[in-house]
Amino acid sequence: FPVTIMSNMITLVGQKQGLGKTSFFTTMVAGFDKSAAKILSTDFNDKDTLKKMNAGALIVNIDEGAALTKKEKGSVKRFITETFDEYRDPFAREMKIHQRRFVFGMTENNESPFDDPTGGRRYWPVEVHTKVDFKWIEDNREQLFAEAWRRAQLNEPFMDIPSELTDDIQERHRTSDPWEEVILGML
(Lines give C-alpha, C1' and ligand atoms only; values in the text may rest on other atoms or scores of the structure.)
Protein backbone atom coordinates (compact mmCIF):
# COMPACT_ATOMS: atom_id res chain seq x y z
CA PHE A 1 0.00 0.00 0.00
CA PRO A 2 1.22 3.53 -0.65
CA VAL A 3 2.03 5.78 2.28
CA THR A 4 -1.16 7.20 3.74
CA ILE A 5 -1.31 10.30 5.84
CA MET A 6 -3.28 9.66 9.00
CA SER A 7 -3.42 13.20 10.32
CA ASN A 8 -5.99 12.39 12.98
CA MET A 9 -5.81 10.46 16.20
CA ILE A 10 -8.34 8.77 18.40
CA THR A 11 -8.33 10.52 21.75
CA LEU A 12 -9.78 8.55 24.65
CA VAL A 13 -11.25 11.13 27.04
CA GLY A 14 -12.45 10.41 30.55
CA GLN A 15 -11.94 11.98 33.96
CA LYS A 16 -11.67 8.73 35.89
CA GLN A 17 -8.39 6.88 36.06
CA GLY A 18 -8.26 3.09 35.92
CA LEU A 19 -10.82 2.68 33.14
CA GLY A 20 -8.23 1.22 30.77
CA LYS A 21 -7.72 4.10 28.37
CA THR A 22 -3.98 3.51 28.01
CA SER A 23 -4.34 -0.28 28.04
CA PHE A 24 -6.91 -0.06 25.22
CA PHE A 25 -4.18 0.69 22.66
CA THR A 26 -1.90 -2.06 24.00
CA THR A 27 -4.75 -4.60 23.95
CA MET A 28 -5.69 -3.67 20.37
CA VAL A 29 -2.27 -4.72 19.08
CA ALA A 30 -1.50 -7.52 21.57
CA GLY A 31 -0.45 -10.68 19.81
CA PHE A 32 1.51 -8.85 17.11
CA ASP A 33 4.63 -8.04 19.10
CA LYS A 34 5.49 -6.63 22.50
CA SER A 35 6.73 -3.47 20.80
CA ALA A 36 3.54 -2.97 18.76
CA ALA A 37 2.22 -0.33 21.17
CA LYS A 38 4.46 2.46 22.40
CA ILE A 39 3.86 5.18 24.96
CA LEU A 40 5.41 8.41 23.79
CA SER A 41 6.91 11.17 25.86
CA THR A 42 6.36 14.73 24.73
CA ASP A 43 9.88 15.11 23.32
CA PHE A 44 8.96 14.67 19.68
CA ASN A 45 12.35 15.66 18.26
CA ASP A 46 14.41 13.27 20.34
CA LYS A 47 16.25 10.75 18.14
CA ASP A 48 15.68 7.93 20.63
CA THR A 49 11.94 8.64 20.70
CA LEU A 50 11.78 8.60 16.89
CA LYS A 51 13.78 5.37 16.80
CA LYS A 52 11.45 3.71 19.36
CA MET A 53 8.38 4.71 17.35
CA ASN A 54 9.80 3.33 14.12
CA ALA A 55 10.87 0.02 15.69
CA GLY A 56 7.74 -1.97 14.95
CA ALA A 57 5.07 0.14 16.63
CA LEU A 58 1.56 -0.08 15.19
CA ILE A 59 0.05 2.41 17.64
CA VAL A 60 1.94 5.20 19.35
CA ASN A 61 0.04 6.51 22.37
CA ILE A 62 0.58 10.11 23.43
CA ASP A 63 -0.27 9.37 27.04
CA GLU A 64 -1.94 12.03 29.17
CA GLY A 65 -2.21 14.65 26.46
CA ALA A 66 -3.30 17.10 29.16
CA ALA A 67 0.34 17.44 30.16
CA LEU A 68 1.05 19.11 26.84
CA THR A 69 1.37 22.87 26.88
CA LYS A 70 -0.35 24.99 24.25
CA LYS A 71 2.95 25.25 22.36
CA GLU A 72 3.43 21.48 22.48
CA LYS A 73 -0.13 20.88 21.24
CA GLY A 74 0.78 22.86 18.12
CA SER A 75 3.83 20.63 17.75
CA VAL A 76 1.65 17.54 18.09
CA LYS A 77 -0.62 18.71 15.27
CA ARG A 78 2.39 19.10 12.98
CA PHE A 79 4.08 15.94 14.24
CA ILE A 80 1.18 13.55 13.65
CA THR A 81 0.80 14.61 10.01
CA GLU A 82 4.36 13.67 9.03
CA THR A 83 4.71 10.55 6.87
CA PHE A 84 8.35 9.92 7.76
CA ASP A 85 10.99 10.65 10.37
CA GLU A 86 14.58 11.55 9.56
CA TYR A 87 17.36 10.75 12.00
CA ARG A 88 20.79 9.14 12.19
CA ASP A 89 20.78 5.58 13.46
CA PRO A 90 23.41 4.70 16.08
CA PHE A 91 26.84 4.30 14.49
CA ALA A 92 25.52 5.39 11.07
CA ARG A 93 27.32 8.13 9.18
CA GLU A 94 24.34 9.78 7.55
CA MET A 95 20.75 10.71 8.29
CA LYS A 96 18.17 8.25 7.01
CA ILE A 97 14.49 8.61 6.19
CA HIS A 98 12.22 6.15 8.03
CA GLN A 99 8.68 5.77 6.63
CA ARG A 100 6.07 5.73 9.33
CA ARG A 101 4.02 2.56 9.61
CA PHE A 102 1.95 3.37 12.67
CA VAL A 103 -0.92 5.57 13.84
CA PHE A 104 -1.20 7.79 16.88
CA GLY A 105 -3.66 7.60 19.75
CA MET A 106 -3.94 9.79 22.81
CA THR A 107 -5.39 9.37 26.28
CA GLU A 108 -6.70 12.28 28.26
CA ASN A 109 -8.07 12.63 31.80
CA ASN A 110 -9.02 16.27 31.30
CA GLU A 111 -12.61 16.52 30.03
CA SER A 112 -11.78 19.68 28.05
CA PRO A 113 -8.32 19.12 26.60
CA PHE A 114 -8.72 20.99 23.34
CA ASP A 115 -8.06 24.70 23.38
CA ASP A 116 -7.59 25.44 19.71
CA PRO A 117 -10.23 28.00 18.65
CA THR A 118 -9.73 26.98 15.00
CA GLY A 119 -11.16 23.55 15.75
CA GLY A 120 -9.97 20.11 16.74
CA ARG A 121 -10.32 18.12 13.54
CA ARG A 122 -7.07 16.24 14.17
CA TYR A 123 -8.45 14.82 17.43
CA TRP A 124 -11.27 12.28 17.38
CA PRO A 125 -12.52 12.24 20.98
CA VAL A 126 -14.07 9.03 22.25
CA GLU A 127 -15.71 9.45 25.65
CA VAL A 128 -14.80 6.71 28.14
CA HIS A 129 -17.21 6.57 31.09
CA THR A 130 -16.92 2.91 32.08
CA LYS A 131 -14.13 0.33 32.19
CA VAL A 132 -12.98 -0.78 28.75
CA ASP A 133 -14.27 -4.24 27.80
CA PHE A 134 -10.91 -5.90 27.15
CA LYS A 135 -12.48 -9.33 26.64
CA TRP A 136 -14.54 -7.94 23.74
CA ILE A 137 -11.43 -6.35 22.20
CA GLU A 138 -9.47 -9.61 22.52
CA ASP A 139 -12.34 -11.59 20.97
CA ASN A 140 -12.92 -9.16 18.07
CA ARG A 141 -9.62 -7.42 17.24
CA GLU A 142 -8.65 -9.86 14.47
CA GLN A 143 -12.01 -9.23 12.80
CA LEU A 144 -11.56 -5.47 13.15
CA PHE A 145 -8.10 -5.63 11.56
CA ALA A 146 -9.39 -7.93 8.80
CA GLU A 147 -12.15 -5.45 7.97
CA ALA A 148 -9.68 -2.56 7.96
CA TRP A 149 -7.31 -4.51 5.69
CA ARG A 150 -10.11 -5.35 3.26
CA ARG A 151 -11.28 -1.74 3.13
CA ALA A 152 -7.71 -0.64 2.45
CA GLN A 153 -7.47 -3.17 -0.41
CA LEU A 154 -10.66 -1.70 -1.88
CA ASN A 155 -9.27 1.84 -1.47
CA GLU A 156 -12.25 2.82 0.64
CA PRO A 157 -11.83 6.18 2.35
CA PHE A 158 -11.26 5.74 6.05
CA MET A 159 -11.33 9.33 7.22
CA ASP A 160 -14.69 10.37 5.82
CA ILE A 161 -16.45 11.02 9.09
CA PRO A 162 -19.25 13.54 8.61
CA SER A 163 -18.54 16.78 10.48
CA GLU A 164 -22.04 16.74 11.97
CA LEU A 165 -20.96 13.65 13.92
CA THR A 166 -17.68 15.11 15.13
CA ASP A 167 -18.29 18.85 15.60
CA ASP A 168 -20.57 18.49 18.63
CA ILE A 169 -18.35 16.07 20.53
CA GLN A 170 -15.22 18.10 19.74
CA GLU A 171 -16.93 21.26 20.96
CA ARG A 172 -17.96 19.52 24.20
CA HIS A 173 -14.29 18.82 24.88
CA ARG A 174 -12.97 22.25 23.95
CA THR A 175 -11.63 24.50 26.68
CA SER A 176 -13.48 27.78 26.48
CA ASP A 177 -11.98 31.15 27.27
CA PRO A 178 -13.47 32.71 30.43
CA TRP A 179 -14.40 35.80 28.39
CA GLU A 180 -16.15 33.78 25.69
CA GLU A 181 -19.55 33.60 27.43
CA VAL A 182 -19.43 37.28 28.41
CA ILE A 183 -18.69 38.41 24.87
CA LEU A 184 -21.18 36.00 23.28
CA GLY A 185 -23.84 37.30 25.70
CA MET A 186 -23.24 40.82 24.43
CA LEU A 187 -23.62 39.92 20.76
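As the structure is a prediction and not an experimental result, all values here were calculated from the model.
Distance check: Glu147 CD to Glu142 CD gives 12.5 Å after rounding to the nearest 0.5 Å. Separating the CZ atom in Phe104 from the CD1 atom in Ile59 is a distance of 11.5 Å, to the nearest 0.5 Å. With rounding to the nearest 0.5 Å, the separation of CE in Met9 from CG in Asn61 is 9.0 Å. Note that CD of Glu138 is 11.5 Å distant from CE of Met28, once rounded to the nearest 0.5 Å. With rounding to the nearest 0.5 Å, the separation of OH in Tyr87 from CE in Met53 is 8.0 Å. Atoms CG and NE2, from Asp89 and His98 in turn, are 4.0 Å apart once rounded to the nearest 0.5 Å.
Two different hydrophobic clusters hold Phe84 and Val103 under the rule that ILVMFWY side chains link at heavy-atom gaps under 4.5 Å. In the hydrophobic cluster analysis, where Ile, Leu, Val, Met, Phe, Trp and Tyr join through side-chain heavy atoms closer than 4.5 angstrom, Trp136 is grouped together with Phe25.
Between Arg100 and Asp85 there is a salt bridge, with a side-chain nitrogen of the basic residue lying less than 4.0 Å from a carboxylate oxygen of the acidic one.
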Going through the distances and angles, do Phe145 and Val29 end up as a side chain to side chain contact (heavy atoms under 4.5 Å, CB included)? CA-CA 10 Å; Phe145 278 107; Val29 295; 4.2 Å; yes
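Applying the 6.0 Å contact sphere to CZ of Arg88 captures more than 12 heavy atoms from other residues, nucleotides or ligands. Counting heavy atoms of neighbouring residues, nucleotides and ligands inside a 6.0 Å radius, atom CD1 of Ile10 does not exceed 12 of them.
No donor-acceptor distance shorter than 3.5 angstrom exists from the side chain of Lys16 to the backbone of Val128, with no hydrogens or angles considered. In this structure a side-chain-to-backbone donor-acceptor pair under 3.5 Å is missing from Glu127 to Val13.
Closest approach of Glu108 and Thr11 over heavy atoms only: CB-CG2, 4.2 Å. Of all heavy-atom pairs spanning Lys51 and Pro90, the tightest one is CE-CD, 3.7 Å.
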